[in-house]
Amino acid sequence: MDYFDTLIEKRIDSRTADVVDRLLEQYLPNTEPCAVPLDTVLEQLQTKYAFTLLPKNDINYARTALAVIEAYFPEDASYLHHDWDRRLEGAADLVSTLRLSLFCAEVQDTDAGHALYERQKAQYEQRTAGSGQIWHRMPIRVCAEAHTGYCLVTGSDRLKDEITCLRGVTQEDIEHCTPTLIAYLRAKYE
């Protein structure tokens with residue numbers, strides 16, 4: 001075994017590694033496959049939160065399309081223009097061709113959504129305590145593509161964790177201790 005292999009085999013000590021080790025030891029033995037399709041999760045969320053669907057010409061649709069195309073359709077992404085604005089336009093034009101099922105919405109600051117915004121405010125005030133900075137509400141958005149499972153949540157770690165828990169894990173995630181499994185355990189048990 002050479003020096004590089006020795007380094008790879010060594011455990012990196014950190015708080016995160018300790019948390020992951022604890023979660024795996026404590027919860028992995030009882031974790032069962034519970035994967036739910038993203039479109040089902042999005043439907044469940046719409047019964048809990050009031051969403052405002054973003055218009056199809058909103059920049060978030062183009063950004064979501066581009067992220068999905070670059071991650072899941074790299075051969076198509078290679079044909080997109082290098083200029084950022086034209087790249088976004090090209091990605092938006094490919095949505096129907098690639099049959100992408102995009103969902104881009106903003107959580108309304110009412111009922112269950114209000115609690116998410118209040119948490120956002122409390123976290124901001126905690127991080128900036130004593131600095132005199134004033135909190136300005138950041139929109140909480142969910143941008144997703146149902147077929148690939150791509151999902152980006154901005155403005156709320158709680159909503160991101162809720163989606164992670166609702167989506168669950170597959171048997172493969174459990175067997176191979178994938179990043180999806182780690183995210184699921186952290187969201188569910190931390």
Side-chain angles (χ1 to χ4, degrees), residues 20 23-24 26-77 88 91-120 123 138-190:
V20 169
L23 289 170
L24 289 173
Q26 190 170 359
Y27 299 108
L28 182 60
N30 298 320
T31 301
E32 297 288 328
C34 54
V36 175
L38 182 58
D39 54 349
T40 303
V41 170
L42 294 173
E43 288 172 15
Q44 292 172 351
L45 289 176
Q46 290 180 72
T47 64
K48 182 175 182 179
Y49 299 102
F51 281 101
T52 300
L53 295 176
L54 300 177
K56 301 278 187 214
N57 63 350
D58 188 275
I59 189 72
N60 289 290
Y61 268 96
R63 289 177 180 159
T64 303
L66 182 58
V68 170
I69 292 166
E70 288 179 339
Y72 298 94
F73 304 95
E75 65 282 356
D76 293 301
L88 285 173
D93 291 342
L94 283 175
V95 168
S96 61
T97 304
L98 296 175
R99 296 189 179 133
L100 300 181
S101 179
L102 297 180
F103 174 86
C104 292
E106 187 173 311
V107 176
Q108 294 178 12
D109 191 356
T110 60
D111 302 321
H114 184 69
L116 295 176
Y117 285 104
E118 286 299 310
R119 178 176 167 85
Q120 182 190 91
Q123 288 175 320
M138 177 183 176
I140 297 174
R141 293 192 182 112
V142 177
C143 294
E145 199 289 317
H147 302 304
T148 60
Y150 173 87
C151 185
L152 175 68
V153 177
T154 58
S156 175
D157 58 345
R158 170 133 323 143
L159 182 58
K160 179 181 79 57
D161 287 347
E162 184 176 346
I163 291 171
T164 300
C165 288
L166 288 171
R167 290 181 78 178
V169 290
T170 64
Q171 183 64 39
E172 183 178 329
D173 291 324
I174 295 167
E175 289 172 3
H176 299 289
C177 291
T178 65
T180 300
L181 172 71
I182 304 305
Y184 172 78
L185 293 176
R186 289 188 81 167
K188 188 165 181 148
Y189 299 111
E190 274 202 318

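Remember, it's a predicted structure, so these values are computed and weren't measured experimentally. For reference, positions follow the sequence shown, starting with 1.
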Open item on the list: Within the structure provided, determine whether Val142 and Leu152 are in side-chain contact (heavy-atom separation under 4.5 Å).
Closed with: no
Task: Sub-4.5 Å side-chain heavy-atom contact between Cys151 and Phe103 - done: no
Task: Ile174 to Pro33 - nearest heavy-atom pair and separation - done: CD1-N, 3.5 Å
Open item on the list: Could you check whether any side-chain N or O of Asp111 sits under 3.5 Å from a backbone N or O of Gly113, counting only pairs where one atom can act as donor and the other as acceptor?
Closed with: no
Open item on the list: Please give me the minimum heavy-atom distance between Tyr150 and Ala67, naming the atom from each residue.
Closed with: OH-CB, 3.5 Å
Open item on the list: Using modelled atom types and a 3.5 Å cut-off, is there a donor and acceptor pairing between side-chain atoms of Glu145 and backbone atoms of Ser101?
Closed with: yes
Open item on the list: Return the CD to CD1 distance between Glu75 and Ile69, rounded to the nearest 0.5 Å.
Closed with: 10.0 Å
Task: Distance, nearest 0.5 Å, that separates CD of Gln44 from CD1 of Ile163 - done: 10.5 Å
TODO: Assess the side chains of Thr52 and Glu106: does a donor N or O sit below 3.5 Å from an acceptor N or O?
DONE: no
Task: Minimal non-hydrogen separation, Ala91 against Ala62, with atom names - done: CB-O, 4.2 Å
TODO: Taking all heavy atoms of Phe51 and all of Ala105, pick out the closest pair and write down the distance.
DONE: CD2-CB, 3.6 Å
TODO: Answer whether the closest heavy-atom distance between the side chains of Leu181 and Leu24 falls below 4.5 Å.
DONE: yes
TODO: Taking the side chain as every heavy atom from C-beta outward, state whether Gln108 and His114 have any pair of such atoms under 4.5 Å apart.
DONE: no
Task: Side-chain heavy-atom pair Leu38, Thr148 within 4.5 angstrom cut-off - done: no
Task: Side-chain heavy atoms of Leu100 within contact of His147, under 4.5 Å - done: no
TODO: Please check if the side chain of Asp173 supplies one atom and the backbone of Thr170 the other of a donor-acceptor pair under 3.5 Å.
DONE: yes
TODO: Indicate the atoms forming the closest heavy-atom contact of Thr31 with Leu185, along with that distance.
DONE: OG1-CD2, 3.8 Å
Task: Minimum heavy-atom distance between Lys56 and Tyr61, given as atom pair plus value - done: O-CB, 3.6 Å
Open item on the list: If you count every heavy atom of other residues, nucleotides or ligands that lies below 6.0 Å from Glu172 atom CD, does the total exceed 12?
Closed with: no
TODO: Check the pair Tyr184 / Cys34 against side chain to side chain contact (heavy atoms under 4.5 Å, CB included), numbers first and verdict last.
DONE: CA-CA 11 Å; Tyr184 172 78; Cys34 54; 3.5 Å; yes
Open item on the list: Any heavy-atom pair between the side chains of Leu159 and Leu45 that's under 4.5 Å?
Closed with: yes
Open item on the list: Taking Val36's backbone N and O only, do any of them form a donor-acceptor pair with Thr40's side chain (distance below 3.5 Å, no angle check)?
Closed with: no
Open item on the list: I'd like to check Leu116 versus Tyr49 (side-chain heavy atoms, cut-off strictly below 4.5 Å). Are they in contact?
Closed with: yes
- [ ] Could you grab the distance from atom CG of Leu53 to atom CG of Asp58, nearest 0.5 Å is fine?
- [x] 11.0 Å
Open item on the list: For the backbone of Gly155 and the side chain of Gln120, can you confirm whether one donor and one acceptor N or O come within less than 3.5 Å of each other?
Closed with: yes
- [ ] Would you please test Thr154 and Cys143 for side chain to side chain contact (heavy atoms under 4.5 Å, CB included) and show each step?
- [x] CA-CA 9 Å; Thr154 58; Cys143 294; over 6 Å; no
- [ ] Would you give the length of the straight line joining atom OH of Tyr117 to atom CD1 of Ile140, rounded to the nearest 0.5 angstrom?
- [x] 4.5 Å
Open item on the list: Between Arg167 (side chain only) and Gly149 (backbone N and O only), is there a donor and an acceptor less than 3.5 Å apart?
Closed with: yes
- [ ] Can you establish whether the number of heavy atoms outside Arg119 located under 6.0 Å from its atom CZ is more than 12?
- [x] yes
- [ ] Find the distance between OG1 (Thr47) and CG (Leu42) and round it off to the nearest 0.5 Å.
- [x] 11.0 Å
Task: Full working for side chain to side chain contact (heavy atoms under 4.5 Å, CB included) between Leu88 and Arg63 - done: CA-CA 6 Å; Leu88 285 173; Arg63 289 177 180 159; 4.0 Å; yes
